[in-house]
Amino acid sequence: MSRTTFLNVDDTKAGMEDLDKEKINKLIQEASKNSKFFKQQQRREEENRRRIEVKLSKIKSFSTFQIEQAEKSADRYLNQLDKTRDLSRIFCHIDMDAFYASVEMRENPALQHVPMAVGGEGMLSTSNYLARQFGVRAAMPGFIARHLCPNLVIVPCDFNKYRVDSSKVMKIISEYDENYGSCGLDEAFADLTNHLQKRSTLSEEQRTFPKEENSTETITFGITAEETVQEIRHRIYLATRITASAGMACNMRLAKLCSDINKPNGQYQLESNVNVILNFIRNLPIRKIKGIGKVTALHLESLQIQTVNDIYLKRGILKLIEYPSTFDFLMRVCNGCGSTTIEHDDLQKSIGHETTFNGTSDSLQLISLCRDLAKKTVDELISDRILCKRVTLKIKTVNFEILTRSKTLSSYTDSLNIITDKVITLLKHELDQDLELPALRLMGVRVSDLKMKSSDLPILQFFSKKSTTTTINENTHDMIEDIDDDADDDEGEEENLNEEFLSIENQYNEDCNSKLIHIDDENSNTSTTTCPVCQKMLLGDNDKINKHIDLCLNGEMIRTTIKEQDQQTSPQTNYNKRINLTQSKVTPPAKRQKRKFNTTPQRTNGTMTLQNNSTTIDFQSWFIPIDILNMICCVSAVILALIFLFIIIFDKVYRKVGMILVVNSCLAEFIFGIYLLAVTLFTFHNDLKQIYFYDSFCLITAYIGYMSIGLQNYSYLLQAIYRYILIVNPLGLFYQSVKFQVFLISFTWICCIIYPFPLVFTGQIKYLVDDQLCQIPPGFSFVTIFNAFYIYLFPMISIVLIYLKMVRYVREMSKHVTPVNRLFHAQRELKMIRRIISLVSILIALGLPYQTLIIVSFFKSAPKYHFRIVFIFINASLVFVLIAILEITEPLKTSLIRRINGRATNVVRTVA
DNA sequence: GGGCCGGGCCGAT
DNA sequence: TGACTATCGGCCCGGCCC
């Protein structure tokens, strides 16, 4: 037997008995030796070995007499356990064989003959038996699996499919025990005792099933437990075309162990006889026991405990060194005792979400992520009508060190603001306190100490018979008082925050609620406003007002619930669902369905349910085609801009002042194109992986975006100004000089480079989950208006005004006696400006959706995926603008034509 | 001494 | 080249308070 280390292959899975473990372990070590994960595992193992050393030295201090006494005490305990042994029942554990992999192989038979695994590149969920021969197993990262088995086919998880099959399986099992307990999608326990008693009274017909689907041939099963389970497995196969293994025994622990004996597609029944049971369990290696993981195994192995029988032999020492609960567990194991009741927990104990991302230390990003996770968790709380009292923040550093920080609240709540505040306070405290804290790679928010929103029920029942208006006002009134208490409680802790974080926090609150309330921060922290939900005048600081609105919105939810209640369901339905999903000592199926083994966030129904500050997003099928379209536009634009720059530089047409301005425009377009390409690639990457993830790259691109859009628009303004100068002040040579133009160009560049900095550093730019990009969220705010004016409206309006002024000027000029060439010249420049106007109108037309969005967002919330939609136009505008530049810039056009012709001539010549 | 709180660790799927 | 999940339950410990 291989010695337990933290990185060895876990060979306890069925189908992995005959592996060359040494070879596989060597390959795994090789694949992961340089990773931080490996180093962390080494640290963990060393720490555990240190603890083992302490244990061993403690053991040395015990006298033989002490050990003998402990052994006698253990024996007495074993005797007691023996007396409570219940051999009267017969449990069955059904385990679907490589469930996810089997579903995939059924859907795609080609996969049946290749080693294959289900999951993501990050983590595998399960593997088929062919892959297991290579050591590929569940909970193994994809890259190691590929190292072990280069031909491995990895199929992404599709929980929808598995859920359909799982429900078929569970339905069949429920016919044998309606109180069955499921452990996830692929496992279930059933107590067959009652069914077996009734079974003898069943007619043969009731025990007869078709041999094959749609076949007339039938098969009749007998009345024994063995045959009953064969019947269950046969019916499962008929329903799903997937095999299941089963184990039968007098308790659940033994039944589970039995289902593993004849895997796959087999079953095993353990006789309900003490000697048989002891003989069976004592010969098993400890790692087969549910509840003994790597760490416990390592500790037990250090005491020369390899099998369950060794546990028995070392019972004296175990009694002396283990915690009572651990000792109790081990004694139950070595006596073959197990649970004989399928218990159902009353209430889920905690709810939370966590996500892994590329390591980052950027506190802004971390706080924003934390907020998203809190929102997601609170949404779940609210939708299930549950309150919580304890919030926990979990973080994992890039070195795989995990920290959890939790805080108990003064009262039960489901307020987004309270929970978010609390968890962000915990995060800030960590970030502040530990300056050496490495970058983080995971963050999680969890709430616990849950209770049902019980007070809702009588209120709802009572008021549902009255007018809804009364309900809301009554409820809201009560809630305001509640929340004020909570707000007071929170104030004390706010003192711990440093100023930087406070400013970020306030900014966020402003952003979030700018559509709801106006707060005059300049005068004081206190202001009056009207609540958009209950229409009451509110007096207080931002926090209190926000919290009030938060609660009012919950009140709004209550009203909705009342309406729904009258129509269809009771408000308890959701909660009951949750209870029903929760099984004894097993993960609720709904939760298990969510489990994933890849790096992507939770996916259900092929969609991703994520929260940002305002919306829930689903992955849409049109994302990818649109991303590709955008990429085509961006790449075309970048290539065009590069070609233009190349031509201008190599043909030396840049020596003219006007061309310097065109170079400036092309350069701006090039940067803007690169920005759009980066954004599109970023979005495409996230869409493809169906993840929401961002790092400072996203912020940097946003910065470059705002800068380059400014550069682009001002470059056209400079061109217009230059034309204007040429006409209005043809003798003002200084203004037409290269020096002056370069000065203007430099000036606009400096303005455009500097202006987005405050946007970045004051957290105005946010990662918008739905749109997968970083932008200033649309909405009525000074920043939005200033931004729109600074980089768009001002240059565009100026160009239009210059054009109008020039039209008037040329008209005036033509009325007076003017040198012909000067008039001609002016008309030509006017034509130039007209072209610039046509170019600008492209920008205006295709930028219009963006501007409309901004304006609409002043009055109501922006539609979902708004930026995705407007960015299609912006990407397209870039290509059109570059084509327009070519069209209106004569020297560029002629140069390009000459080159194309030249090359064509060359080709002809070569061919000839 | 018992209960609560906050932190850490383990295990299962 | 580097690359190792998400969610939940449960247990234990030390520190603190009553």
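Note that this is a predicted model, so its numbers are computed, not measured. Side chains included, hydrogens not; waters and symmetry mates left out as well; all remaining heavy atoms used. A, B, ... follow the sequence lines: proteins, then strands. Residue 1 opens every chain.
- In DNA chain B, the stems built from three or more successive Watson-Crick or G-U pairs (distances below 3.5 Å) are B:1-13 with C:6-18.
- In this structure, the CD atom of A/Gln41 is 12 Å from the P atom of B/dC9, given to the nearest Å.
- Map A/Ile402 and A/Lys389 each onto its nearest nucleotide of DNA chain B; the residue landing nearer the 5' end is A/Lys389.
- Look at NZ on A/Lys394: it is 16 Å from C1' on B/dG6, rounded to the nearest Å.
- Here A/Asp328 lies out of heavy-atom contact (under 4.0 Å) with every strand.
- For A/Arg446, a side-chain nitrogen or oxygen approaches OP1 or OP2 of C/dC8 to under 4.0 Å.
- Listed nucleotides: C/dC4, B/dG7, C/dA6. Nearest to the side chain of A/Thr404: B/dG7.
- In this structure, of C/dA6, B/dG7, C/dC8, it is B/dG7 that holds the atom nearest to the side chain of A/Arg390.
- In the set C/dG9, C/dC4, C/dC13, C/dC13 carries the atom at the smallest distance from any side-chain atom of A/Tyr323.
- Positionally, the nearest nucleotide of DNA chain C for A/Lys36 lies more toward the 5' end than for the other of A/Leu442 and A/Lys36.
- With B/dA12, C/dC4, B/dG11 as the choices, the nucleotide that has an atom nearest any side-chain atom of A/Lys290 turns out to be B/dA12.
- Atom CD in A/Gln40 sits roughly 14 Å away from atom C1' in B/dC10 (whole-Å rounding).
- Nucleic acid contact class of A/Arg51 (heavy atoms, under 4.0 Å, all strands): sugar-phosphate only.
- Between the side chains of A/Arg446 and A/Ser350, at least one donor N or O sits under 3.5 Å from an acceptor N or O.
- Side-chain N/O atoms of A/Ser35 include none lying less than 4.0 angstrom from OP1 or OP2 on C/dC4.
- Salt bridge annotation for A/Asp379-A/Lys375: present, with a cationic side-chain nitrogen under 4.0 angstrom from a carboxylate oxygen.
- In this structure, the nucleotide among B/dC10, C/dC4, C/dT5 sitting nearest to the side chain of A/Lys396 is C/dT5.
- For the OP1/OP2 pair of B/dC9 and a distance below 4.0 Å, the side-chain nitrogens and oxygens of A/Arg44 include no atom meeting the criterion.
- Listed nucleotides: B/dG8, C/dT5, C/dG9. Nearest to the side chain of A/Arg405: B/dG8.
- Between A/Glu354 atom CD and C/dT7 atom C1' there is a gap of 6 Å when expressed in whole angstrom units.
- Counting to the nearest Å, the P atom of B/dA12 and the CG atom of A/Asp95 are 14 Å from each other.
- When distances run from any side-chain atom of A/Thr408 to the nucleotides B/dG6, C/dA6, C/dG9, the shortest one goes to B/dG6.
- Taking only side-chain nitrogens and oxygens, A/Thr356 comes nearer than 4.0 Å to OP1 or OP2 of C/dA6.
- By the 30° and 60° cut-offs, the orientation of the rings of A/Tyr77 relative to A/Phe327 is tilted.
- In terms of the side-chain contact (heavy atoms from CB on, under 4.5 Å) criterion, residue partners of A/Asn335 (sequence neighbours excluded) are, by chain and number, A/Leu78, A/Leu81, A/Asp82, A/Arg85, A/Leu278, A/Arg282, A/Cys337.
- Geometrically, A/Arg146 does not engage A/Phe143 in a cation-pi contact defined by less than 6.0 Å to the ring centre and at most 45° from the axis.
- In this structure, NE2 of A/His299 is placed 18 Å from P of C/dC11, rounded to the nearest angstrom.
- Using a cut-off of 4.0 Å between Lys/Arg side-chain N and Asp/Glu carboxylate O, A/Asp328 and A/Arg332 are scored as salt-bridged.
- As rounded to the nearest Å, B/dC10 and C/dT5 have P atoms that lie 16 Å from one another.
- Nearest-nucleotide mapping onto DNA chain C: of A/Phe400 and A/Pro324, the residue sitting toward the 5' end is A/Phe400.
- The phosphate of B/dG6 (OP1 or OP2) has no side-chain N or O of A/Thr392 nearer than 4.0 angstrom.
- Between A/Asn48 and B/dC10 there is a side-chain polar atom (N or O) within less than 4.0 angstrom of OP1 or OP2.
- Taking the charged nitrogens against the carboxylate oxygens, A/Arg51 and A/Glu46 have no contact shorter than 4.0 Å, which rules out a salt bridge.
- Under the ring pair (Phe, Tyr, Trp, His ring centres under 6.0 Å) criterion, A/Phe400 pairs with A/Phe37, not counting sequence neighbours.
- Distances shorter than 4.0 Å separate none of the side-chain N or O atoms of A/Ser325 from OP1 or OP2 on C/dG10.
- For C/dA6, the OP1/OP2 oxygens have no side-chain nitrogen or oxygen of A/His353 closer than 4.0 Å.
- For A/Ser350, a side-chain nitrogen or oxygen approaches OP1 or OP2 of C/dG9 to under 4.0 Å.
- In this structure, the nucleotide among C/dT5, C/dC4, B/dG6 sitting nearest to the side chain of A/Lys407 is B/dG6.
- Distance A/Leu450 CG to C/dG9 C1': 12 Å, rounded to the nearest Å.
- When the P atom of B/dA12 is taken as reference, atom CD1 of A/Ile289 falls 10 Å away, rounded to whole Å.
- One finds a salt bridge joining A/Arg50 and A/Glu47 here, because a Lys/Arg side-chain nitrogen approaches an Asp/Glu carboxylate oxygen to under 4.0 Å.
- Ion pairing between A/Glu380 and A/Lys376 fails under the 4.0 Å rule for side-chain N and carboxylate O.
- In this model, the phosphate group of C/dG10 is approached by a side-chain N or O of A/Lys349 to a distance below 4.0 Å at OP1 or OP2.
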